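The structure appears below as structure tokens.
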Amino acid sequence: MNAINRLAAVISLASLLPLSAIAANGTVEVTHWWTSGGEAAAVKTLKEQVEKDGFTWKDNAVAGGGGAAAMTVLKSRAVAGNPPGAAQIKGPDIQEWGALGLLTELDDVAKANNWDALLPKKVAQIMQYDGHYVAVPVNIHRVNWLWINPQVFDKAGAKVPTTLDELFAAADKLKAAGFIPLAHGGQPWQDSTVFEDLVLSILGPQGYHQAFVELDESTLTGEKMVEVFKTLQRLGTYMDPNRAGRDWNIAAAEVINGKAGMQIMGDWAKSEWTAAGKVAGKDYQCVAFPGTQGSFAYNIDSLAMFKLKNENDIKAQNDLAKVALEPQFQTVFNQNKGSLPVRQDMDMSQFDACTQKSAVDFKEAEKGDGLQPSMAHNMATSLAVQGAIFDVVTNFFNDPKADPATAVKQLNSAIKSAK
Ligand code: BGC
């Protein structure tokens with residue numbers, strides 16, 4: 001067959017397909033780290049919607065809570081000149097990818113779908129690079145939660161804690177009754193999730209801001225920060241000594257199955273309770289991490305979009321961006337994910353008691369300084385500074401004899417050299 005004939009054959013084959021199939025048959029590849037049972041159920045709702053719109057979803061799920069492994073994969077793909085169409089990138093990191101010139105503008109989709117009006121201003125700013133939308137947010141997670149199994153608490157005669165002292169009192173009761181007081185996975189991001197909750201509790205939201213947003217030296221090395229490390233060390237004595245490397249969802253399962261009484265974790269933990277068929281307020285309780293009532297450490301999941309060449313793939317990418325903020329998707333995704341919808345006009349009666357509480361607390365925190373970006377979940381600092389904090393916290397936590405006063409100095413100098 002000569003070239004003209006080959007072309008003719010391709011054209012006549014194409015004419016057999018319906019026009020919509022040809023136009024809509026782009027692919028969007030999505031790099032993310034939603035791989036636990038609950039997370040997978042949530043991301044499935046996005047995949048299904050994109051497929052319903054006639055596009056192909058190519059899943060690039062990289063296991064590893066907190067996303068460090070996914071970020072490594074993403075970087076190597078970008079370096080090889082082969083980034084996915086969309087990737088779970090959050091907070092200040094969006095600016096770093098934007099500055100590399102790799103992200104595409106989503107302004108048309110944003111305008112057509114009224115994103116400026118739908119999103120809180122703060123959230124809209126995070127999604128923009130140089131004044132243009134380059135990412136779409138899907139939710140708002142709250143990090144400073146404590147998850148409780150009330151049956152275990154009843155058996156141990158423990159009381160739901162509202163202060164750090166009460167947390168230790170409850171932990172003592174649980175321990176005496178033979179339960180693991182605090183389920184935990186020994187991975188750097190999980191250690192730092194607990195650490196940031198303690199900073200919020202002991203330093204308050206302003207101190208938290210000075211420590212993790214301003215990276216203020218006197219706050220980082222102050223007496224209260226020494227107290228944070230001391231308290232972290234004490235909390236560690238109520239955790240399973242075999243926790244090293246354990247995934248967060250395995251720790252969540254220990255609370256769900258009644259082996260442990262509590263877990264300190266963001267509200268993606270709720271996705272595991274939901275996937276296990278448990279009901280908020282009945283089978284489990286969610287309370288603000290003791291001492292952080294009125295504060296809300298936020299963690300916004302977002303999908304940043306990379307520049308693509310193929311027109312059909314760009315259509316698929318734009319569809320993903322549009323779908324992510326549609327009310328139907330915002331409802332089912334967040335019901336599964338444990339988070340708050342990021343759209344401000346949603347009917348919250350469709351959500352359970354924990355998410356409704358989260359919505360009320362978000363509004364309350366927004367009025368003052370209570371709303372703070374999560375350090376452990378990429379919202380407060382560059383990933384380099386975050387990595388420096390993770391190293392110091394995890395090294396400290398893995399050494400029961402480590403000295404809190406030395407740790408604050410190490411924290412300060414590690415941050416300084418990572419800046
Ligand atoms: C992400 C969540 C995810 C959690 C555990 C967080 O950093 O924002 O979406 O569920 O990590 O993997």
Side-chain angles (χ1 to χ4, degrees), residues 30-47 59-74 86-94 123 126-127 135-145 147 183-197 212 245-253 255 263-275 286 296-304 324 329-330 332-342 354-355 358 372-383 386-387 389-390:
V30 187
T31 300
H32 62 89
W33 64 89
W34 292 320
T35 56
S36 77
E39 290 174 326
V43 74
K44 190 164 159 258
T45 64
L46 186 55
K47 174 179 184 267
D59 204 51
N60 183 220
V62 183
M71 288 300 104
T72 307
V73 168
L74 184 63
Q88 196 181 346
I89 299 178
K90 300 190 291 182
D93 206 25
I94 295 175
V123 179
I126 300 172
M127 301 303 135
V136 62
V138 288
N139 63 9
I140 304 177
H141 273 302
R142 184 188 197 182
V143 178
N144 54 313
W145 284 115
W147 303 91
H184 184 71
Q187 294 174 341
W189 73 273
Q190 294 190 60
D191 296 344
S192 278
T193 297
V194 176
F195 174 70
E196 91 169 29
D197 282 342
F212 293 143
R246 182 179 297 147
D247 287 324
W248 66 272
N249 50 313
I250 307 294
V255 189
Q263 183 183 21
I264 300 165
M265 188 48 72
D267 46 19
W268 47 92
K270 190 156 74 72
S271 71
E272 295 305 298
W273 290 90
T274 305
C286 52
F296 191 115
Y298 64 86
N299 167 25
I300 299 162
D301 282 317
S302 47
L303 295 169
F329 168 73
Q330 283 281 305
V332 289
F333 177 79
N334 287 302
Q335 281 170 342
N336 282 289
K337 189 76 175 68
S339 38
L340 274 179
V342 68
C354 290
T355 306
S358 190
Q372 294 295 333
S374 166
M375 176 280 294
H377 296 278
N378 317 13
M379 303 304 299
T381 68
S382 68
L383 290 189
Q386 184 204 53
I389 300 175
F390 279 16

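Read the numbers this way: they start at 1 and go in the same order the structure lists the ligands and their atoms. As a basis for the values below, the full set of heavy atoms in this structure was taken, side chains included, without hydrogen atoms, waters or symmetry mates. Bear in mind the structure is a predicted one, so any value in this text is a computation, not a measurement.
- Within the 4.5 Å cutoff, side-chain heavy atoms of Lys337 are placed close to those of Glu39.
- When all heavy atoms are compared, the tightest approach of Val255 to Ala183 is CG2-CB, 3.7 Å.
- Residues that satisfy the ring-ring contact (aromatic ring centres under 6.0 Å, His included) test with Phe329, not counting sequence neighbours, are Phe333.
- Nearest approach of Ala61 to Thr35, heavy atoms of both residues: CB-CG2, 3.8 Å.
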Pairwise, report which nitrogen or oxygen atoms of ligand 1 are under 3.5 angstrom from protein nitrogen or oxygen atoms, and how far apart they are.
unit_1: ligand 1; atom_1: 7 (O); unit_2: Lys90; atom_2: NZ; d: 2.9
unit_1: ligand 1; atom_1: 7 (O); unit_2: His377; atom_2: ND1; d: 2.8
unit_1: ligand 1; atom_1: 8 (O); unit_2: Lys90; atom_2: NZ; d: 2.8
unit_1: ligand 1; atom_1: 8 (O); unit_2: Asn299; atom_2: ND2; d: 2.9
unit_1: ligand 1; atom_1: 8 (O); unit_2: Asp301; atom_2: OD1; d: 2.7
unit_1: ligand 1; atom_1: 9 (O); unit_2: Trp34; atom_2: NE1; d: 2.9
unit_1: ligand 1; atom_1: 9 (O); unit_2: Asp301; atom_2: OD1; d: 3.2
unit_1: ligand 1; atom_1: 9 (O); unit_2: Asp301; atom_2: OD2; d: 2.7
unit_1: ligand 1; atom_1: 9 (O); unit_2: Lys337; atom_2: NZ; d: 2.8
unit_1: ligand 1; atom_1: 10 (O); unit_2: Glu39; atom_2: OE2; d: 2.4
unit_1: ligand 1; atom_1: 10 (O); unit_2: Lys337; atom_2: NZ; d: 2.7
unit_1: ligand 1; atom_1: 11 (O); unit_2: Trp33; atom_2: NE1; d: 3.3
unit_1: ligand 1; atom_1: 11 (O); unit_2: Gly66; atom_2: N; d: 3.4
unit_1: ligand 1; atom_1: 12 (O); unit_2: Trp33; atom_2: NE1; d: 3.3
unit_1: ligand 1; atom_1: 12 (O); unit_2: Glu39; atom_2: OE2; d: 3.0
unit_1: ligand 1; atom_1: 12 (O); unit_2: Gly66; atom_2: N; d: 3.2

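- Trp268 and Trp189 have tilted rings, their planes meeting at an angle from 30° to 60° on a 0 to 90° scale.
- Judged purely by distance below 3.5 Å, without hydrogens or angles, the side chains of Thr274 and Gln335 never pair a donor atom with an acceptor atom.
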